Amino acid sequence: MAITSEPTRTGLEWLTAAEAHALFDEQARALLGISGEEFLQRWEAGEYRECTDDPDRPAIGHLASILPLAR
Amino acid sequence: LPGKTPAEAIEAFSAPLRDCLACVLPPTAVVHAYGQKRGDQYLLTLLGHRGEPVPLGGPHGVGFRLAHHYAVVPAGDPDDPFRVRSLAYYYTITTARGREAIAYHWHPDSEGADAAHYPHIHVRSYTQPLNLSHKHPPTGRVSLEAVIRFLIDELGVDARRPNYAAILDQSEQAFKDWRHWS
């Protein structure tokens with residue numbers, strides 16, 4: 001384990017609603033190939049209700065964990 | 001930790017966590033914060049690019065991401081009337097290829113029908129003959145500080161601050177002193 005000198009606090013960036021939606025969209029497109037809006041629609045339709053904790057579909061759980069970004 | 005305003009309470013909550021994250025994150029890393037209009041709920045999250053975790057390096061090349069949900073609630077103290085109440089956490093350690101290796105979860109209000117609502121851990125590693133990959137071994141509530149300590153001390157992630165142990169200990173003590181379950 002090496003020890004180096006770095007900044008003492010990780011930066012914080014507050015997102016606007018548009019920025020949050022864009023960030024969620026980026027994650028959904030990269031992981032599932034669908035838009036953030038489409039993921040949200042499917043989520044609210046209950047399509048993912050049985051696989052939020054499914055290790056075989058980790059992208060669903062990850063997107064569920066950051067769902068507030070999409071709303 | 002309480003504050004005189006909601007913004008002050010949020011800063012009192014997030015600043016120590018960001019001090020701890022700076023023990024392992026590259027200086028270019030940024031934590032994102034977002035406030036949800038409904039119910040004054042907030043999200044603090046660390047995300048890599050395009051769905052990838054944030055690489056931490058070390059001999060195993062592990063990655064990390066987190067999501068922490070919280071709300072600002074009355075503190076019951078006229079001098080510092082606001083504090084943060086945690087609502088859920090998701091701390092994920094990945095392999096060098098980005099595959100989830102260990103995940104610490106607490107999401108008592110999850111909308112998922114398959115979700116465990118108690119604090120638990122996901123172990124994706126090979127544990128034959130007992131397959132734990134779809135199980136939810138219970139844990140106590142796990143602090144972010146404890147996860148970062150594990151990353152440094154046991155997974156060999158480089159500590160970016162020489163006094164990381166004291167930083168983590170101090171922040172974790174505040175977590176223990178002020179924690180509230182939702």
Side-chain angles (χ1 to χ4, degrees), chain A residues 1-36 38-71, chain B residues 14-15 17-23 25-38 41-47 49-52 58 65-67 69 88 90 92 99-100 103 105 107 110-116 122 124 133-134 136 152-153 156-162 164 167:
Chain A
M1 177 190 69
I3 293 178
T4 58
S5 180
E6 299 285 357
T8 58
R9 181 168 292 169
T10 294
L12 178 69
E13 183 179 317
W14 278 92
L15 301 174
T16 64
E19 290 168 338
H21 294 172
L23 182 58
F24 189 85
D25 186 74
E26 176 202 271
Q27 299 277 316
R29 289 181 187 279
L31 293 168
L32 293 180
I34 62 174
S35 69
E38 183 174 350
F39 180 87
L40 184 60
Q41 288 173 353
R42 292 186 183 189
W43 175 271
E44 293 186 339
E47 186 173 328
Y48 299 129
R49 275 184 54 81
E50 305 295 332
C51 50
T52 59
D53 242 358
D54 185 345
D56 297 327
R57 303 186 71 184
I60 305 296
H62 168 57
L63 291 169
S65 77
I66 57 170
L67 202 57
L69 295 174
R71 288 174 163 163
Chain B
S14 78
L17 296 183
R18 289 184 287 130
D19 289 344
C20 295
L21 287 168
C23 293
L25 291 180
T28 53
V30 173
V31 173
H32 289 111
Y34 183 57
Q36 198 173 7
K37 293 184 178 66
R38 288 184 291 183
Q41 294 188 14
Y42 297 85
L43 173 69
L44 189 72
T45 186
L46 173 73
L47 300 171
H49 294 294
R50 298 182 56 77
E52 296 294 322
R65 64 181 165 221
L66 76 86
H69 301 210
Y90 304 79
T92 304
R99 186 171 180 274
E100 186 176 301
H105 284 181
H107 38 71
S110 172
E111 298 170 41
D114 61 335
H122 290 277
R124 310 304 195 199
S133 66
H134 288 68
H136 305 85
I152 296 171
D153 291 347
V157 170
D158 287 348
R160 293 175 179 270
R161 298 182 65 181
Y164 79 90
I167 293 166

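Numbers restart at 1 for each chain; the letters A, B, ... are given by sequence-line order, proteins then strands. All values reported here derive from a predicted model rather than from experimental measurement.
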Exam field: side chain A:Glu13 to backbone B:His32, donor-acceptor pair closer than 3.5 Å =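 Not at all, since once roles are kept as given, no pair shorter than 3.5 Å links the two residues.
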Is the number of heavy atoms from other residues, nucleotides or ligands within 6.0 Å of CZ (A:Arg57) greater than 12?
-> no
Kindly compute the distance separating [atom1] ([X]) from [atom2] ([Y]), expressed to the nearest 0.5 Å.
| X | Y | atom1 | atom2 | value |
| --- | --- | --- | --- | --- |
| B:Thr45 | A:Ile66 | OG1 | CD1 | 6.0 Å |
| B:Cys23 | A:Arg9 | SG | CZ | 11.5 Å |
| B:Leu47 | A:Leu23 | CG | CG | 5.5 Å |
| A:Leu31 | B:Glu52 | CG | CD | 7.5 Å |

Segment of [X] engaging chain A (4.5 angstrom heavy-atom cut-off):
| X | value |
| --- | --- |
| B:Thr92 | neither |
| B:Arg65 | side chain |
| B:His105 | side chain |
| B:Ser110 | side chain |

Side chains of [X] and [Y]: closer than 4.5 Å at any heavy-atom pair?
| X | Y | result |
| --- | --- | --- |
| A:Leu12 | B:Leu44 | yes |
| B:Tyr34 | A:His21 | yes |
| A:Pro68 | B:Gln41 | no |

[X] and [Y]: which non-hydrogen atoms are nearest, and at how many Å?
| X | Y | result |
| --- | --- | --- |
| A:Ala30 | B:Gly51 | CB-N, 4.2 Å |
| A:Gly11 | B:Arg18 | O-CD, 4.1 Å |
| A:Pro58 | B:Glu100 | CB-OE1, 4.4 Å |

Pick from B:Ala103, B:Cys20, B:Ala33 with the largest number of heavy-atom pairs that fall under 4.5 Å of chain A | B:Ala33
Name all residues meeting the side chain to side chain contact (heavy atoms under 4.5 Å, CB included) criterion together with A:Ser65; count only those two or more places apart in sequence or in a different chain, and write none if there are none.
->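 A:Ser65: side chain to side chain contact (heavy atoms under 4.5 Å, CB included) contacts with A:His62, B:Ala67, B:Tyr90.
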Residues two or more places apart in sequence or in another chain: which of them pass side-chain hydrogen bond (donor to acceptor under 3.5 Å, both in side chains) with A:Thr16?
->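 A:Glu19.
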